[in-house]
Visitor: 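Can you keep this structure in mind? I'll have questions shortly.
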2 protein chains.
Amino acid sequence: MQTKQMHHMEIPVVCRSCEARHGGVCSALTPAQLSELSKHSSRRKVEAGNEVIGQGESITSYSSILNGVVKLSKVMADGRQQIVGLQFAPDFMGRPFLGESRMSAEAAVDTEICVFPRRAIERLIHDAPDLGHLLHNQALKELDDARDWMLTLGRKTAQEKVASFLWLIANHSDPAEGDRSCFELPLSRADIADFLGLTIETVSRQMTKLRKDGIIQIENNRHITVPDLERLAEAAGIDQ
Amino acid sequence: MQTKQMHHMEIPVVCRSCEARHGGVCSALTPAQLSELSKHSSRRKVEAGNEVIGQGESITSYSSILNGVVKLSKVMADGRQQIVGLQFAPDFMGRPFLGESRMSAEAAVDTEICVFPRRAIERLIHDAPDLGHLLHNQALKELDDARDWMLTLGRKTAQEKVASFLWLIANHSDPAEGDRSCFELPLSRADIADFLGLTIETVSRQMTKLRKDGIIQIENNRHITVPDLERLAEAAGIDQ
DNA sequence: CGGGTCGTTGATACGGATCAAGGCGAGTGG
DNA sequence: CCACTCGCCTTGATCCGTATCAACGACCCG
């Protein structure tokens, strides 16, 4: 009996090999809570370009990113668009304590997420202080990032903006071969423009300029190599 | 004895007439917690232009705003500056769970704050779930605001930016005579420029244009009247 | 081969920055 | 009381960085 009981308290099978077990929402739960949550949650693939939730839609579920990249964006009535954040694994997605989404979330590349029903998460926030604390901390980090980006949007030149973007991606792409200096861009030129408050053409020109200045190398439009991260930071106007 | 005990559980004298009792941090505490916290906290006046904390300084205390306005700003190595947020009463100020401040906080107008030692707050966050929840919620609201502002910084014209700023102030100044349409600007033209990612001259020109278009009236540079808030929202590119 | 998407490059336009001058109110000292 | 200065704001002239418009190249897929 006791072994049976113990069994109930172990990590659910579906969660054992989950990429988000460490650092993600689920790392803040007890085995029992995780087991309960896993019963109501489901894994979902989202292809690049597909929406997870749209601006103004009501929030019926939350999720966490298992792998991939999701872009958060706002659009104005006349179509002008601004990407206001990028989310990577194992980020939690969704706005707790709010009825409807104030922005859209769209997969930037093929992405997998784990979807939780709204009720389950909101109950857990109250029952599991660690979860509340983890989400609070993530919100604070996102706030820091958003404010850093405000400086980029408001005061940096096009050149510095593009370099800042590359710097951000360099620091968020998991160092596959332990190498920060070589990575794949998760965004198209159009997305980068929407993230930086620029046009496609300006982004393209600045990328070319960074390449000609020897600060980056470009292969296949998406694959970037940075010989000297220090020089990139300098070009981004980042003070160290 | 029991009355004595009860007495200990009442609202501390210094807090009774406090402007931040409702809605602020202290509203999430029990009388006992409030009593304990009040022993270590102190009221402080900060004159317009004075710093509460500087970028890069270590965080030794938190505070809440009793009245006034505080601007949060970031500066680059070469002096370029961006205001990344405004805080009003009864907002909580400070970045929990972080050793040093990533921006400076400076009183925009004469301001009064209540200062709490760092330790006391961090202990309370763990002991009082309501406080954690309140701070989490404020962080989420600030994140929403920051992201709204990213759209303003990245995609709006100078005209729309200035109108957006006036709209923000109109919606945050307490309706003294129950009138949203008449208010005092808490920021100088230079501050407004730093908030909008513009220059002083451009801010001034756009203010003049809004005045000539009849969307606002200006008295003494700081006092603004908005005959029709709807028209202001339109000029700000805000979709309703 | 044709059509589509995505990115680059060039020519030109324009919005906001920059540079420069001056106005206005408050405080100061004669 | 006036002259003076100082901070803050406005206005004008000009410049420059990025947007806009347009053409074209690279690649993919049918």
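Order of the sequence lines sets the chain letters (A, B, ...), proteins ahead of strands, with each chain counted from 1.
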Visitor: Considering residues at least two apart in sequence or located in another chain, which fulfil the side chain to side chain contact (heavy atoms under 4.5 Å, CB included) criterion with A:K209?
Guide: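 Scan of A:K209 (side chain to side chain contact (heavy atoms under 4.5 Å, CB included), adjacent residues dropped) gives A:Q159, A:Q206, A:D213.
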
Visitor: Tell me, please, which residues at least two apart from A:F88 pass ring-ring contact (aromatic ring centres under 6.0 Å, His included).
Guide: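 A:F88: ring-ring contact (aromatic ring centres under 6.0 Å, His included) contacts with A:H172.
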
Visitor: Listing request: all salt bridge (Lys or Arg N to Asp or Glu O under 4.0 Å) pairs with a residue in residues 192-208 of chain A, at least two apart in sequence or in separate chains.
Guide: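 Of all non-adjacent pairs touching residues 192-208 of chain A, those that pass salt bridge (Lys or Arg N to Asp or Glu O under 4.0 Å) are A:D194-B:R155.
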
Visitor: Report the residue from B:I65, B:N50, B:V52 that forms a side-chain contact (heavy atoms from CB on, under 4.5 Å) with B:T111.
Guide: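 Among the candidates, only B:I65 passes.
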
Visitor: What residues form a side chain to side chain contact (heavy atoms under 4.5 Å, CB included) with B:A48, not counting sequence neighbours?
Guide: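 Testing B:A48 for side chain to side chain contact (heavy atoms under 4.5 Å, CB included), a comparison that skips the adjacent residues, returns B:D110.
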
Visitor: My understanding is that only residues two or more places apart in sequence, or in another chain, count here; which of them pass side chain to side chain contact (heavy atoms under 4.5 Å, CB included) with A:H223?
Guide: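 In terms of side chain to side chain contact (heavy atoms under 4.5 Å, CB included), with neighbours along the sequence ignored, A:H223 is linked to A:C182, A:E184, A:E219, A:T225.
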
Visitor: State which residues pass side chain to side chain contact (heavy atoms under 4.5 Å, CB included) with A:L134; sequence neighbours excluded, sorted by chain then number.
Guide: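 Applying side chain to side chain contact (heavy atoms under 4.5 Å, CB included) to A:L134 gives A:S27, A:A28.
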
Visitor: Give me each pair satisfying side chain to side chain donor-acceptor pair (under 3.5 Å) with a member in residues 80-89 of chain B, each pair once, sequence neighbours excluded.
Guide: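 For residues 80-89 of chain B: A:E160-B:R80, B:S73-B:Q81, B:D78-B:R80, B:Q87-B:E142.
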
Visitor: Given atom NZ of B:K209 and atom P of D:dC9, what is their separation to the nearest angstrom?
Guide: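 Taking NZ of B:K209 and P of D:dC9, I get 21 Å after rounding.
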
Visitor: Would you list the protein and nucleotides 21-25 of chain C atom pairs, both N or O, that sit under 3.5 Å from each other?
Guide:
none

Visitor: Test: salt bridge (Lys or Arg N to Asp or Glu O under 4.0 Å). Region: residues 60-71 of chain B. Which pairs qualify, not counting sequence neighbours?
Guide: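 Checked against salt bridge (Lys or Arg N to Asp or Glu O under 4.0 Å) - neighbours excluded - the pairs reaching residues 60-71 of chain B are B:K71-B:E106, B:K71-B:D191.
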
Visitor: Take the protein atom CG of B:L198 and the nucleotide atom P of D:dC9, then report the distance between them rounded to whole Å.
Guide: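 Going from CG in B:L198 over to P in D:dC9 covers 15 Å.
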
Visitor: For residues 42-81 of chain B, which residue pairs pass the ring-ring contact (aromatic ring centres under 6.0 Å, His included) check, not counting sequence neighbours?
Guide: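 Only B:Y62-B:F92 qualify under ring-ring contact (aromatic ring centres under 6.0 Å, His included).
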
Visitor: Can you check the B:E219 CD to D:dC9 C1' distance for me, whole Å?
Guide: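 About 16 Å, once rounded to whole Å.
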
Visitor: Find every protein N or O atom lying less than 3.5 Å from an N or O atom of nucleotides 4-10 of chain C, and list the pairs.
Guide:
| residue | atom | partner | partner atom | Å |
| --- | --- | --- | --- | --- |
| C:dG7 | OP1 | A:R189 | N | 3.4 |
| C:dG7 | OP2 | A:R189 | N | 3.3 |
| C:dG7 | O3' | A:N221 | OD1 | 3.4 |
| C:dT8 | OP1 | A:R189 | NH2 | 3.2 |
| C:dT8 | OP2 | A:R189 | NE | 2.9 |
| C:dT8 | OP2 | A:S204 | OG | 2.7 |
| C:dT8 | O5' | A:S204 | OG | 3.0 |
| C:dT9 | OP2 | A:T208 | OG1 | 2.7 |
| C:dG10 | N7 | A:R205 | NH1 | 2.8 |
| C:dG10 | O6 | A:R205 | NH2 | 3.2 |

Visitor: Quick check on contacts: within residues 154-164 of chain A, what sits under 4.0 Å from DNA chain D by heavy-atom distance?
Guide: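 DNA chain D contact set from residues 154-164 of chain A: A:T157, A:A158.
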
